[in-house]
Amino acid sequence: MSRWLVTGAAGFIGSNFVRRVLEVRPDLHLVAYDALTYAGNLANLDGLADGGRMTFVRGDICNQQEVAAALDGVSVVINFAAESHVDRSIHGGAAFVQTNVGGTQTLLDAARTAGVQRYVQVSTDEVYGSLGPEGRFVEDSPLQPSSAYSASKAGADLLVHAAHHTHGLPTIITRCSNNYGPYQFPEKIIPLFVTNLLEGRSVPVYGTGQNVRDWIHVRDHCDAVLAAAEQGTPGRVYNVGADSEKTNLELTRAILSGLGCDESRIEYVQDRLGHDLRYAIDSSRARQELGWQPQVRFEDGLAETIQWYRDNQDWWRAIKTGAYLKYYELQYGEKVEE
Ligand code: NAD
Ligand code: TYD
């Protein structure tokens, strides 16, 4: 049975990936590796070890010994582990550089020593920086990241490229647009707004709400990463997106309507520093070369996601306590009672 290492497996996309791969690839064993930072949550993997095809290992991608031990017998590495929130990177970038850049290099070195057959780096369209009103990112668009988050992800992409170029490590980079779906940490816009509304609170829209993001359901992203791991050409980059651009205000209105709320619940707050105006991704290479295409319509995916947060209130209410509330106060200047 082939053994794959999935780092960041207790986070949003990593845990969706583990769940999906266990379902569709009965011949794989997954080593689910995660440091369990504030964003990592073992509850995201509940029940998945039961079939005996997933082993959870608590470890840091920056730790050479822990990574080397986890790689024993592994043929494929998928690196989802990262500090992932732009707003937190504005408060301080050090953890982003440490994990996203340093951790990636540690993994690359260990993957080379272990002689893996594939190393997949899960990257983001944010490495391309911001678009104006026209055009879309292609794989050859210049890397012009503008936050410490996106700069650290771009740094990681360059190190992945270097490991391929210098050592022939069979690497693949995927660059996906904004994800949404179940198990997303309620600091990102969709789960933050849905859970705030379920709590009877307002939703903080940055600036005028005219910034644009290109949305994809997490299941479609996971299928693209799987396709890239199995069918991608080493050394290649694949953009992943679902052609679903929305301004933040359009998105907010869709969430309000999905929860039966009106616009009085919107609170316009101070804009994000250095706020990227627009992301939009051209994913034709992935569609042509990986035989992949997104399956989830945004309207259906959003309705399903809202329902998931309605049905799983224990999951997010357990998160929105303690350290989360401290972060909320720092970010939004609003004290929330537990
Ligand atoms: P997340 O914050 O929900 O999960 C990240 C996981 O990585 C957490 O479980 C955390 O505990 C773990 N982690 C952090 N530092 C670690 C370390 N040093 N060692 C081991 N584990 C560590 O993030 P996500 O939204 O699931 O994103 C996963 C990946 O996908 C990231 O690399 C991110 O850059 C990329 N990505 C995310 C999006 C998106 O919209 N969320 C879009 C494109 C790409
Ligand atoms: P986010 O979910 O943080 O993802 P990213 O910054 O990686 O794209 O933010 C998505 C968009 O929503 C972005 O334009 C910022 C905006 N936003 C708000 O307006 N209010 C909020 O409270 C948050 C978290 C984000």
Side-chain angles (χ1 to χ4, degrees), residues 6-17 32-42 44-45 57-63 66-67 70 78-90 95-96 98-100 102-104 106-107 121-127 130 146-147 149-150 152-153 156-157 174-181 183-193 196 202-216 218 221-222 224-225 239-241 246-249 251-252 266-272 274-279 281 328 331-332:
V6 181
T7 69
F12 163 48
I13 308 176
S15 63
N16 275 284
F17 182 80
Y33 186 89
D34 201 293
L36 300 180
T37 67
Y38 81 91
N41 186 347
L42 275 182
N44 297 0
L45 297 170
V57 174
R58 185 171 190 173
D60 189 328
I61 60 164
C62 303
N63 184 308
E66 288 173 356
V67 167
I78 319 271
N79 182 26
F80 291 96
E83 287 294 334
S84 69
H85 192 36
V86 172
D87 289 326
R88 289 187 192 250
S89 81
I90 295 170
F96 288 75
Q98 191 174 324
T99 284
N100 301 359
T104 296
T106 302
L107 263 184
Q121 176 74 5
V122 180
S123 185
T124 165
D125 62 354
E126 299 189 29
V127 298
S130 183
S146 38
S147 69
Y149 164 66
S150 53
S152 64
K153 292 294 291 186
D157 285 10
T174 58
R175 294 192 181 130
C176 190
S177 62
N178 285 63
N179 283 220
Y180 68 99
Y183 299 100
Q184 186 166 28
F185 194 86
E187 63 187 353
K188 308 283 167 42
I189 188 169
I190 292 183
L192 176 70
F193 283 15
N196 272 17
S202 60
V203 295
V205 171
Y206 296 159
T208 59
Q210 290 313 307
N211 301 66
V212 173
R213 295 294 182 263
D214 192 353
W215 292 96
I216 184 171
V218 64
H221 181 196
C222 291
V225 171
N239 280 352
V240 178
K246 311 266 171 246
T247 65
N248 290 338
L249 205 50
L251 171 67
T252 303
I266 297 179
E267 191 183 339
Y268 291 93
V269 301
Q270 194 183 2
D271 207 354
R272 172 184 283 175
H275 198 170
D276 285 344
L277 177 67
R278 175 171 167 259
Y279 305 142
I281 202 136
Y328 202 89
Q331 175 62 20
Y332 299 98

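In listed order, ligands and their atoms are each counted from 1. Quick note: residue numbers are just sequence positions, from 1.
Rounded to the nearest 0.5 Å, atoms OG (S130) and CG (L277) are 5.0 Å apart. D276 CG to S147 OG: the interatomic distance, rounded to the nearest 0.5 Å, is 6.5 Å. One distance of note links OH of Y38 with CD of E187; it measures 3.5 Å at 0.5 Å rounding. With values rounded to the nearest 0.5 angstrom, T252 atom OG1 is found 12.5 Å from K246 atom NZ. Distance check, rounded to the nearest 0.5 Å: CD1 of I78 to CG of L107 gives 11.5 Å. In this structure, F185 CZ and T37 OG1 are separated by 8.0 Å, a value rounded to the nearest 0.5 Å.
The ligand atoms of ligand 1 that sit less than 4.0 angstrom from a heavy atom of K153 are 31 (C), 32 (O), 33 (C), 34 (O). Shown in contact with A10 at under 4.0 Å from a heavy atom are these atoms of ligand 1, numbered in order with element: 9 (O). Within the listing of ligand 2, atoms 3 (O) sit less than 4.0 angstrom from a heavy atom of H85. In summary, the atoms of ligand 2 found under 4.0 Å from a heavy atom of Y332, numbered by their order in the structure, are 21 (C), 22 (O), 23 (C), 24 (C). Ligand 2 places these atoms under 4.0 Å from at least one heavy atom of H275: 13 (C), 14 (O), 15 (C). When each atom of ligand 2 is checked for a heavy atom of L192 under 4.0 Å away, the hits are 22 (O). Which parts of ligand 2 touch P204 is read off a 4.0 Å heavy-atom cut-off, strictly below it: atoms 18 (C), 19 (O), 20 (N), 21 (C), 22 (O). Interface of S177 with ligand 1, defined as ligand atoms under 4.0 Å from a residue heavy atom, comprises 42 (C), 43 (C). Heavy-atom contacts of N178 reach the following atoms of ligand 2: 4 (O), 5 (P), 8 (O) (cutoff under 4.0 Å). The V205 neighbourhood of ligand 2 comprises atoms 19 (O), with distances under 4.0 Å to a heavy atom of that residue. Near L36, with a cut-off below 4.0 Å to any heavy atom, the atoms of ligand 1 are 11 (O).
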Determine, step by step, whether D214 and S177 satisfy the side-chain hydrogen bond (donor to acceptor under 3.5 Å, both in side chains) criterion, reporting the C-alpha distance in whole Å, the side-chain angles of both residues, the deciding distance to 0.1 Å, and the verdict. CA-CA 6 Å; D214 192 353; S177 62; 4.8 Å; no
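Distances from ligand 1 to the non-hydrogen atoms of A9 include no value under 4.0 Å. Under a 4.0 angstrom heavy-atom cut-off, G103 registers as lying outside contact with ligand 1. Contact annotation: F185 has no heavy atom less than 4.0 Å from any atom of ligand 1. Look at Y149 and you'll find a heavy atom under 4.0 Å from some atom of ligand 1. Ligand 1 has at least one atom lying under 4.0 Å from a heavy atom of N178. At least one heavy atom of F193 sits less than 4.0 Å from an atom of ligand 2. Residue contact annotation: S15 has no non-hydrogen atom under 4.0 Å from ligand 1.
The closest donor-acceptor contact from the side chain of T99 to the backbone of F96 lies at 3.5 Å or more, if one exists at all. In terms of modelled atom types and a separation under 3.5 Å, the side chain of T7 and the main chain of A81 share a donor-acceptor contact. Side-chain N or O atoms of N44 include one that pairs as donor or acceptor with a backbone N or O of A10 at under 3.5 Å. The closest donor-acceptor contact from the side chain of K153 to the backbone of D125 lies at 3.5 Å or more, if one exists at all. Y33 places a side-chain N or O within donor-acceptor distance of the main-chain N or O of D60, the cut-off being under 3.5 Å.
Of the protein's heavy atoms, Y206 CE1, 3.5 Å lies nearest to atom 25 (C) of ligand 2. Of all protein heavy atoms, the one lying nearest to atom 19 (N) of ligand 1 is I61 N, 2.9 Å. Distance from atom 16 (C) of ligand 2 to its nearest protein heavy atom, with residue and atom name: N248 ND2, 3.4 Å. Of all protein heavy atoms, the one closest to atom 31 (C) of ligand 1 is F80 O, 3.2 Å. Distance from atom 10 (C) of ligand 1 to its nearest protein heavy atom, with residue and atom name: T37 OG1, 3.2 Å. For atom 38 (C) of ligand 1, the closest heavy atom belonging to the protein is I13 CD1, 3.7 Å. Given atom 12 (O) of ligand 2, the protein heavy atom at minimum distance is I189 CD1, 3.2 Å.
Between F17 and F80, the two ring planes are tilted [angle within 30° to 60°].
With atom 1 (P) of ligand 2 as the reference point, the heavy atom nearest to it among R278, E126, E187, R272 is part of R272. Comparing G8, C62, A82, G59 against atom 14 (C) of ligand 1, the shortest heavy-atom distance belongs to A82. The heavy atom nearest to atom 44 (C) of ligand 1, considering only S150, G14, S123, is found in S123.
Taking any N or O of T99, backbone or side chain, at least one lies under 3.5 Å from an N or O belonging to ligand 1. Not a single N or O atom of C176, backbone or side chain, sits closer than 3.5 Å to an N or O atom of ligand 1. Geometrically, ligand 1 and T124 share no nitrogen or oxygen pair separated by less than 3.5 Å. For ligand 1, one of its N or O atoms has an N or O atom of S84 under 3.5 Å away. By the 3.5 Å distance cut-off applied to N or O atoms, N41 is not counted among the residues near ligand 1. Checked by distance only, ligand 2 and N211 stay at 3.5 Å or farther apart across all their nitrogen or oxygen atoms. Taking only nitrogen or oxygen atoms, main chain and side chain alike, A81 does not reach within less than 3.5 Å of ligand 1. Residue-to-ligand polar distances place D34 within reach of ligand 1: an N/O pair is separated by less than 3.5 Å. For the pair D60 and ligand 1, the shortest N or O to N or O distance falls below 3.5 Å.
When each of N248, V205, L249 is tested with Q210 by the rule side-chain contact (heavy atoms from CB on, under 4.5 Å), just one qualifies, namely L249. Paired with S123 under the rule side-chain hydrogen bond (donor to acceptor under 3.5 Å, both in side chains), one option of N239, T104, D157 passes, and it is D157.
For the pair H221/N16, no side-chain contact is recorded, criterion being any heavy-atom separation below 4.5 Å from C-beta on.
The cationic group of R213 does not satisfy the cation-pi geometry with Y180, failing either the under 6.0 Å distance to the six-membered ring centre or the 45° limit from the ring axis.
Under 3.5 Å, the side chains of E83 and Y149 contain no donor-acceptor pair of N or O atoms.
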